[in-house]
Visitor: 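I am attaching a structure below and will ask some questions about it afterwards.
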2 protein chains.
Amino acid sequence: MTMGPKAKIPARKAPASRKTTLVRWNNALQSRDEINEAKRLALVRTAGTAFKARGFHNTSLEDLAAALNVTKPTLYYYIDNKQDLLYRCHQYALDLGDQAHDYARDGQDGLEKLLRMLSRYIELMTDDFAAYSLLSDLNDLSEEHKTAIQKRRRAFDTVFRNFINEGIQDGSIRPCDPMLTVAWFMGAVNAIPRWFDTKGRMTGADVAAAYADLLTRAIRA
Amino acid sequence: MTMGPKAKIPARKAPASRKTTLVRWNNALQSRDEINEAKRLALVRTAGTAFKARGFHNTSLEDLAAALNVTKPTLYYYIDNKQDLLYRCHQYALDLGDQAHDYARDGQDGLEKLLRMLSRYIELMTDDFAAYSLLSDLNDLSEEHKTAIQKRRRAFDTVFRNFINEGIQDGSIRPCDPMLTVAWFMGAVNAIPRWFDTKGRMTGADVAAAYADLLTRAIRA
DNA sequence: CCTACCGATCGGTAGG
DNA sequence: CCTACCGATCGGTAGG
């Protein structure tokens, strides 16, 4: 059933229906969908944090439910199953990568774009639980989800490789093997969540700056 | 019971005992202990390979037993339990690190020692299943084993940090933050098993040379 | 969103 | 080194 702009006058003969509820308080309240999405997000974030702290297989759905003050069956309203939950963690982290990509476009040359993307990615990653999935074993995903994640990761790496090729063309980066160079620094970057401590002496921006500096020295023309 | 050189003449009145068996065929055969150790090693290597391919929790002891053509209970003669097996995988990988350390001592200055250790470590790592444990979740170890592994890993990192400090002193390495620099390139190095393919276009030595080159450019004075 | 429950897997052991 | 088996955990579902 498609309809135009939301009706402002309650439909006749529908006094206490769900639909009228939606406009009460002038929509100051979240819609049902928004509430569900917020709950799902809370679940994903809780899961990411717990998986990182104790591991995927050492965290039961019961644990997660307890952390959210609900019971296990309740979780199944928001996710299909445990693997689906892990998949959502991965998606979340990859979305950060896309954000970093958007930020990179403003760079002047290949090297600058590369550095912008790298720095932004590190900042987003250190800022968030999302880092968990970078440490995760892809074998814990279903075959289809695993393929999907690998594809997105490859696409992310390809963006980096293209920036390197661009930099070699425009003279900002010395000739090098793009595949190997990306493997090198992405390995370093994706390992950050293993040791980074939010309450440590360095901020995420500090790490980003330091890593960008090391990379620059290694590959600039 | 301690005794001198192994007796060459069978002890009197011990015609068919274990002890006499040991010198048969002039010791061309392995001793019982050596055989057991060889079997244990086969188990550890099989486990490392399987864990890497499918993950620790997605590999049952039954799977491992089947791969070795024995039954599950048999495995318990060689290991205490599954966690113990994982622990042995970690030990094995860390032993490679020690080998690399030995090889590094011959370097002339800080930078050269660092590069020798790094290259050797990469070569050993790409050559072997052992790489699995680098990808493993330490939370799958018992508390004591986890602590022990973390301690050895820290010691390994400290060697690298000391080489960097040495290099800064002797002028072969530019001033930099040793902790951060080690975190950077060890992240890159430990990620190699995620993508390295024994049958790919690059050998382990190729990767070692390329990574050493990138590191050199990033930190030399 | 909960109570109650099932089924399967799997690490580990007994006993020979 | 094997046959046989136990106990516990845990993902997932029924039904309301």
Side-chain angles (χ1 to χ4, degrees), chain A residues 18 21 29-44 46-48 50-51 53-89 136-137 139-146, chain B residues 18 21 30-44 46-48 50-51 53-90 136-137 139-146:
Chain A
R18 279 277 159 74
T21 316
L29 275 54
Q30 292 174 301
S31 73
R32 194 87 222 147
D33 277 0
E34 284 169 333
I35 291 173
N36 284 348
E37 200 46 57
K39 289 180 181 175
R40 194 171 353 247
L41 182 63
L43 172 53
V44 171
T46 301
F51 293 165
R54 295 186 293 281
F56 178 69
H57 289 280
N58 302 317
T59 305
S60 69
L61 289 175
E62 204 99 49
D63 292 338
L64 296 178
L68 292 162
N69 284 312
V70 292
T71 57
K72 183 175 59 167
T74 302
L75 304 184
Y76 283 85
Y77 184 72
Y78 303 98
I79 54 167
D80 292 343
N81 51 48
K82 199 185 180 187
Q83 283 190 335
D84 174 48
L85 180 55
L86 180 59
Y87 181 55
R88 288 170 189 272
C89 288
S136 156
D137 189 341
N139 290 308
D140 290 332
L141 292 167
S142 70
E143 212 49 51
E144 305 85 70
H145 285 171
K146 182 178 169 184
Chain B
R18 279 276 158 76
T21 316
Q30 292 175 302
S31 73
R32 194 87 222 147
D33 277 1
E34 284 169 334
I35 291 173
N36 284 347
E37 200 46 56
K39 289 180 181 176
R40 191 168 0 244
L41 183 62
L43 172 53
V44 172
T46 302
F51 293 164
R54 296 185 292 281
F56 178 69
H57 289 280
N58 303 318
T59 306
S60 70
L61 289 175
E62 205 98 49
D63 292 337
L64 296 178
L68 292 162
N69 283 312
V70 293
T71 57
K72 182 175 59 166
T74 303
L75 303 183
Y76 282 85
Y77 184 74
Y78 302 97
I79 54 165
D80 292 343
N81 50 49
K82 199 185 180 187
Q83 283 191 334
D84 174 48
L85 180 55
L86 179 59
Y87 182 54
R88 288 172 191 271
C89 287
H90 276 94
S136 154
D137 188 342
N139 290 308
D140 290 333
L141 292 166
S142 70
E143 212 49 51
E144 305 86 70
H145 286 171
K146 182 179 169 183

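In the text below, chain A, chain B and the rest are named by the order of the sequence lines, each starting its count at 1.
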Visitor: Which word best sums up how the rings of Y87(A) and H145(A) line up, parallel for under 30°, tilted for 30 to 60°, or perpendicular for over 60°?
Guide: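 Ring orientation of Y87(A) relative to H145(A): parallel.
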Visitor: Taking N36(B) for its side chain and D33(B) for its backbone only, find out whether a donor-acceptor pair lies under 3.5 Å.
Guide: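 Side chain of N36(B) to backbone of D33(B): no pair is present.
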Visitor: For the CG atom of L64(B) and the CD1 atom of I79(B), what is their distance to the nearest 0.5 Å?
Guide: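 L64(B) atom CG to I79(B) atom CD1 measures 8.0 Å (nearest 0.5 Å).
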Visitor: If each of K72(A) and Y77(A) is mapped to the nucleotide of DNA chain C with the nearest heavy atom, which maps nearer the 5' terminus, i.e. the 5' end?
Guide: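 The residue whose closest nucleotide sits nearer the 5' end is Y77(A).
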Visitor: Taking the nucleotide of DNA chain D with the closest heavy atom to each, which residue, T74(B) or P73(A), is nearer the 5' end?
Guide: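 This one resolves to T74(B).
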Visitor: Using C1' atoms of five pairs at each end, report the bend of the helix from dC1(C)-dG16(D) to dG16(C)-dC1(D) rounded to 10 degrees.
Guide: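 Taking the rotation axis at each end, their angle is 0°.
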Visitor: Please assess L85(B) against L75(B) for the test side chain to side chain contact (heavy atoms under 4.5 Å, CB included), listing each intermediate value before the final yes or no.
Guide: CA-CA 10 Å; L85(B) 180 55; L75(B) 303 183; over 6 Å; no
Visitor: If you look at every strand shown and take non-hydrogen atoms under 4.0 Å, does S60(A) touch a base, only sugar-phosphate, or nothing?
Guide: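 S60(A): backbone/sugar contact only, no base atoms under 4.0 Å.
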Visitor: List the steps, then state whether side chain to side chain contact (heavy atoms under 4.5 Å, CB included) holds for F56(B) with D137(A).
Guide: CA-CA 9 Å; F56(B) 178 69; D137(A) 189 341; over 6 Å; no
Visitor: Stepwise, does the side chain to side chain contact (heavy atoms under 4.5 Å, CB included) test hold for K146(B) with N139(B)?
Guide: CA-CA 7 Å; K146(B) 182 179 169 183; N139(B) 290 308; 3.2 Å; yes
Visitor: Would you check, one step at a time, whether the test side chain to side chain contact (heavy atoms under 4.5 Å, CB included) holds for K39(B) with L68(B)?
Guide: CA-CA 10 Å; K39(B) 289 180 181 176; L68(B) 292 162; over 6 Å; no
Visitor: Listed by chain and number, what are the salt bridge (Lys or Arg N to Asp or Glu O under 4.0 Å) partners of D84(B), not counting sequence neighbours?
Guide: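 D84(B) satisfies salt bridge (Lys or Arg N to Asp or Glu O under 4.0 Å) with R88(B) only.
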Visitor: Give the first and the last nucleotide of DNA chain D, reading 5' to 3', that has any atom under 4.0 Å from a heavy atom of chain B.
Guide: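 Counting from the 5' end, contacts occupy dC1(D) to dA4(D).
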